[in-house]
Amino acid sequence: MDCNIESTADRKILTGDEHFMFYGMPINKLFNDFVMWYASDLLDISIRGPLAEFIVAQALEIEFNEARSDNQGFDLRYKGQCLEIKSSAYIQSWNQTRPSSIGFSIKKAQEKAGWYFEQEERSLEVKRHSVAYVFCLYKYRDKATANPLILDHWDFYVLPTKTIDELCGEQKSISLKKLLDLNPIKCEYDGIKNAVDAAIEANKQAEGQAL
């Protein structure tokens, strides 16, 4: 078979009922079996990030029409705006001798080939590409009973990207203490939508004043 790399990959969302196939015949395993095996450790850092994105998306009532991708310079698109979702937690899936320190990435990036930006959003500038950040803290501290699906075990902190740019500059990460110094909107799951709307509006006003 020839290698076709020029076509756009199909990112449709699967149902979970798709069979693994071997020479045209299904084996006794479904795609959902893989998902449960791969993603059931919700304390794993590689799973917690996408989980936080999913939780925020549900709060914002975002309807997914394609699968998640790491090949973009933002995490969610909401009301036509790009959002960055960052997560952190005190407890991890690995063996710990003490709770993890809470910190979040805020590093800038240069757009890479293949990122899913609209044409008018494209830029070669090294910058933070989203209009707002949602920092998601899984605050629960008992590993034996931890369940990140219990949404009241999370706190959320929302900031316009303009604030981060102005007060953090080239900084690549931020601790919880320093984040709180920036006076973010703190909320629980049911307050995410209002907080993000307020951050987007604040970002618009800041851009208008800069013109």
Side-chain angles (χ1 to χ4, degrees), residues 13-14 16 29 31-60 62 64 67-76 78 82-109 112 115 128-130 132-159 161 163-164 167-168 170-193 195-196 199:
I13 297 176
L14 303 180
K29 288 298 176 184
F31 176 66
N32 196 47
D33 295 314
F34 162 74
V35 173
M36 290 187 294
W37 167 77
Y38 173 75
S40 287
D41 184 359
L42 300 180
L43 294 181
D44 188 283
I45 191 170
S46 66
I47 303 299
R48 189 186 67 230
L51 175 64
E53 294 172 22
F54 185 83
I55 290 171
V56 172
Q58 302 319 298
L60 297 177
I62 295 174
F64 295 123
R68 179 186 180 275
S69 174
D70 284 323
N71 191 34
Q72 54 192 24
F74 59 94
D75 294 315
L76 296 174
Y78 170 66
C82 298
L83 303 178
E84 195 77 26
I85 316 301
K86 299 298 181 183
S87 73
S88 191
Y90 294 103
I91 54 177
Q92 313 294 337
S93 61
W94 59 78
N95 293 331
Q96 296 173 264
T97 57
R98 62 182 182 273
S100 295
S101 299
I102 300 302
F104 305 92
S105 171
I106 55 170
K107 65 181 180 181
K108 296 181 178 181
K112 299 177 183 178
W115 277 9
R128 298 180 178 97
H129 294 268
S130 300
Y133 276 66
V134 182
F135 300 98
C136 310
L137 172 60
Y138 183 61
K139 60 184 178 181
Y140 199 70
R141 294 176 184 242
D142 182 9
K143 191 179 294 189
T145 58
N147 180 1
L149 300 182
I150 300 176
L151 300 181
D152 41 300
H153 290 175
W154 292 79
D155 281 336
F156 302 89
Y157 303 87
V158 183
L159 268 177
T161 301
T163 301
I164 298 174
L167 300 179
C168 298
E170 301 300 315
Q171 197 171 315
K172 295 181 179 180
S173 63
I174 189 168
S175 67
L176 179 60
K177 182 180 183 301
K178 293 295 185 181
L179 174 62
L180 295 177
D181 289 342
L182 302 185
N183 195 30
I185 302 174
K186 180 183 178 181
C187 60
E188 293 189 306
Y189 172 76
D190 60 354
I192 292 175
K193 193 172 190 299
V196 170

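- Using a 30° and 60° split on the angle between ring planes, Phe34 and Phe31 fall in the tilted class, from 30° to 60°.
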Item to check | side-chain contact (heavy atoms from CB on, under 4.5 Å) evaluation trace for Phe135 with Ile85 | outcome: CA-CA 6 Å; Phe135 300 98; Ile85 316 301; over 6 Å; no

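- Side-chain N/O atoms of Gln171 and Lys178 include no donor and acceptor closer than 3.5 Å.
- No salt bridge links Arg128 with Glu84; every basic N to acidic carboxylate O contact stays at or beyond 4.0 Å.
- The local environment of NZ in Lys29 is sparse, with at most 12 non-hydrogen atoms from other residues, nucleotides or ligands closer than 6.0 Å.
- In this structure the side chain of Val56 reaches within 4.5 angstrom of the side chain of Cys136, judged on heavy atoms.
- Considering OH of Tyr138 and OG of Ser100, their distance stands at 13.0 Å, rounded to 0.5 Å.
- The line from OG of Ser88 to CG of Leu137 is 6.5 Å long, rounded to the nearest 0.5 Å.
- With hydrogens and angles ignored, the 3.5 Å screen pairs no side-chain donor or acceptor of Tyr133 with any backbone N or O of Ile164.
- In this structure, the separation between CD1 on Ile106 and CG on Leu182 is 8.0 Å, given to the nearest 0.5 Å.
- Judged by distance alone, with hydrogens and angles left aside, the side-chain atoms of Trp154 form a donor-acceptor pair with the main-chain N or O of Pro148 at under 3.5 Å.
- Proximity of a side-chain donor or acceptor of Gln96 to a complementary backbone N or O of Tyr90 within less than 3.5 Å is detected.
- The aromatic rings of Tyr140 and His153 sit parallel to each other, their planes meeting at less than 30°, with 60° as the upper class boundary.
- Residue Asp41 holds its CG atom at 10.0 Å from CD of Gln92, rounded to the nearest 0.5 Å.
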Checklist entry - Can you check side-chain contact (heavy atoms from CB on, under 4.5 Å) on Ile174 and Cys168, steps first, answer last? => result CA-CA 8 Å; Ile174 189 168; Cys168 298; 4.1 Å; yes

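- Applying the 6.0 Å contact sphere to CZ of Phe64 captures more than 12 heavy atoms from other residues, nucleotides or ligands.
- The line from CG of Asp75 to CG of Leu83 is 8.5 Å long, rounded to the nearest 0.5 Å.
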Next on the checklist: Between Ile47 and Tyr38, does the side-chain contact (heavy atoms from CB on, under 4.5 Å) criterion hold? Intermediate values first, please.
Outcome noted: CA-CA 9 Å; Ile47 303 299; Tyr38 173 75; 3.7 Å; yes

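- The two residues Leu42 and Ala39 come nearest to each other via the heavy atoms CD2-O, 3.3 Å.
- Lys186 NZ: 12 or fewer foreign heavy atoms inside a 6.0 Å radius.
- Heavy atoms of other residues, nucleotides or ligands lying less than 6.0 angstrom from CZ of Phe54 number 12 at most.
- A donor-acceptor contact shorter than 3.5 Å is absent between the side chain of Asp44 and the backbone of Ser93.
- No salt bridge links Glu170 with Lys172; every basic N to acidic carboxylate O contact stays at or beyond 4.0 Å.
- A donor-acceptor pair under 3.5 Å is absent between the side-chain atoms of Thr163 and the main chain of Leu159, judged by distance alone.
- In summary, the side chains of Ser87 and Arg48 do present a donor paired with an acceptor at a separation below 3.5 Å, with no hydrogens or angles considered.
- Judged by distance alone, the side chain of Thr161 and the main-chain N or O of Ser130 form a donor-acceptor pair under 3.5 Å.
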